[in-house]
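One structure below.
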Amino acid sequence: AAHCHGFDGTRLAVEAGIDSIEHGTYVDEHTVQLMAEKGTYLVPTMSTWDARERLTSQMGWPKEQMAEVYDRKENSIASFKRALQAGVIIATGTDSGGSAARHGFVAREIELMVENGMTPQAALEASTRVAADLLGIRDLVGTIEVGKQADMVLIDGDPHSDPGALRNIWAVFQSGRRIR
């Protein structure tokens with residue numbers, strides 16, 4: 001995995017054969033085509049700028065500092081849309097602990113993916129099956145199948161029509177045992 005926020009660094013990482021690009025804030029057409037050809041994943045972590053945008057506006061940051069947040073947001077969205085259109089494999093991640101995004105922001109990340117052009121089904125798969133593929137653990141998790149760990153979250157609602165329903169957690173199962 002490569003932590004990338006620049007055009008050149010991202011392209012060089014993809015050319016070197018990296019498995020995934022984390023953030024990919026500034027990704028051009030050439031690089032997304034190369035990512036699609038090589039099977040390089042994009043983990044867009046849009047919840048990082050989203051959390052920063054909410055926090056800085058609440059804190060009343062000066063316009064100059066807000067301009068940087070808005071620039072990152074605009075470029076992140078543009079890069080995500082380019083990657084989506086080019087057929088790049090997209091997995092969900094939040095950069096928890098390394099940014100203003102914290103654990104529990106996956107639902108917001110999925111909402112941002114949907115708001116910016118991904119179907120709800122694809123966004124949910126990016127958080128389950130596709131993420132497990134990227135991590136090389138699909139034989140253990142990522143889908144509900146006999147023989148897998150049975151790590152599941154049951155929600156009240158339909159995330160296929162409203163990704164925000166992911167916040168309505170009814171039960172949590174870990175290795176088939178209810179823990180919440």
Side-chain angles (χ1 to χ4, degrees), residues 1-55 68-69 71-143 145 148-149 151-153 163 166 174-175:
H3 180 267
C4 294
H5 283 294
F7 292 110
D8 293 334
T10 303
R11 181 183 43 77
L12 290 171
V14 173
E15 287 174 352
I18 202 80
D19 293 325
S20 68
I21 299 296
E22 314 305 305
H23 305 296
T25 308
Y26 302 92
V27 181
D28 59 19
E29 289 291 333
H30 172 73
T31 303
V32 295
Q33 290 301 323
L34 190 60
M35 290 173 75
E37 289 168 18
K38 288 182 164 270
T40 308
Y41 291 71
L42 172 65
V43 182
T45 67
M46 291 187 283
S47 54
T48 59
W49 56 255
D50 182 66
R52 186 172 293 142
E53 180 180 38
R54 282 184 280 122
L55 288 172
E68 181 182 324
V69 172
D71 178 67
R72 174 143 325 159
K73 174 183 178 177
E74 290 171 16
N75 282 291
S76 173
I77 290 170
S79 292
F80 174 77
K81 288 180 177 182
R82 271 187 216 104
L84 191 60
Q85 186 171 10
V88 172
I89 306 165
I90 297 175
T92 304
T94 63
D95 202 33
S96 296
S99 68
R102 294 293 176 240
H103 296 288
F105 279 38
V106 171
R108 182 61 183 144
E109 186 72 21
I110 291 169
E111 288 173 333
L112 291 165
M113 289 174 155
V114 172
E115 287 172 16
N116 289 290
M118 192 175 245
T119 67
Q121 177 72 27
L124 291 168
E125 289 179 5
S127 305
T128 54
R129 180 187 55 77
V130 175
D133 284 340
L134 172 58
L135 295 172
I137 56 173
R138 186 164 177 206
D139 59 326
L140 301 172
V141 297
T143 58
E145 297 178 59
K148 291 197 175 181
Q149 288 184 0
D151 295 339
M152 298 178 281
V153 177
L166 293 169
Q174 187 174 31
S175 296

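Below, all heavy atoms of this structure are taken into account, side chains as well, without hydrogens, waters or symmetry copies. In this text the structure is predicted, and so the values were computed from the model without any measurement.
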Keeping the roles fixed (side chain from [X], backbone from [Y]), state whether a donor-acceptor pair exists under 3.5 Å.
X      : Y      : result
Lys73  : Met46  : no
Arg52  : Val69  : no
Asp151 : Gln174 : no
Thr94  : Val106 : no

Would you kindly say whether Thr31 and Asp28 are connected by a side-chain donor-acceptor distance under 3.5 Å?
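Yes, Asp28 and Thr31 have a side-chain donor paired with an acceptor closer than 3.5 Å.
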Whether the Tyr26 and Asp71 side chains hold a donor-acceptor pair (N or O, under 3.5 Å, no angle test) is what I'd like checked.
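Indeed, the side chains of Tyr26 and Asp71 share at least one donor-acceptor pair under 3.5 Å.
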Does some side-chain heavy atom of [Y] sit less than 4.5 Å from a side-chain heavy atom of [X]?
X      : Y      : answer
Ile89  : Leu134 : no
Thr40  : Leu42  : no
Leu34  : Glu37  : yes
Pro44  : Glu109 : yes
Glu29  : Val32  : yes
Arg138 : Thr143 : yes

Within 6.0 angstrom of Glu15 CD, more than 12 heavy atoms from elsewhere:
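More than 12 within 6.0 Å, yes.
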Taking atom CD as the centre, does Gln85 end up with more than 12 heavy-atom neighbours from other residues, nucleotides or ligands that are less than 6.0 angstrom away?
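Counting neighbours around CD of Gln85, 12 or fewer heavy atoms of other residues, nucleotides or ligands fall under 6.0 Å, so no.
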Closest non-hydrogen atom pair, [X] against [Y]:
X     : Y     : result
Met35 : Val14 : CG-CG2, 3.5 Å
Leu84 : Ile90 : CD1-CD1, 3.9 Å
Ala13 : Cys4  : CB-SG, 4.2 Å

How far does OG1 of Thr48 sit from CZ of Phe105, to the nearest 0.5 angstrom?
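Rounded to the nearest 0.5 Å, the OG1-CZ separation comes to 10.5 Å.
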How long is the span from the CD atom in Glu115 to the CZ atom in Phe80, to the nearest 0.5 Å?
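Output value for this atom pair is 10.5 Å.
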Give the ring-plane orientation class for His23 versus His3, where under 30° counts as parallel, over 60° as perpendicular and anything between as tilted.
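Rings of His23 and His3: perpendicular, over 60°.
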Derivation and outcome, side-chain contact (heavy atoms from CB on, under 4.5 Å), residues Tyr41 and Asp133:
CA-CA 10 Å; Tyr41 291 71; Asp133 284 340; 3.4 Å; yes
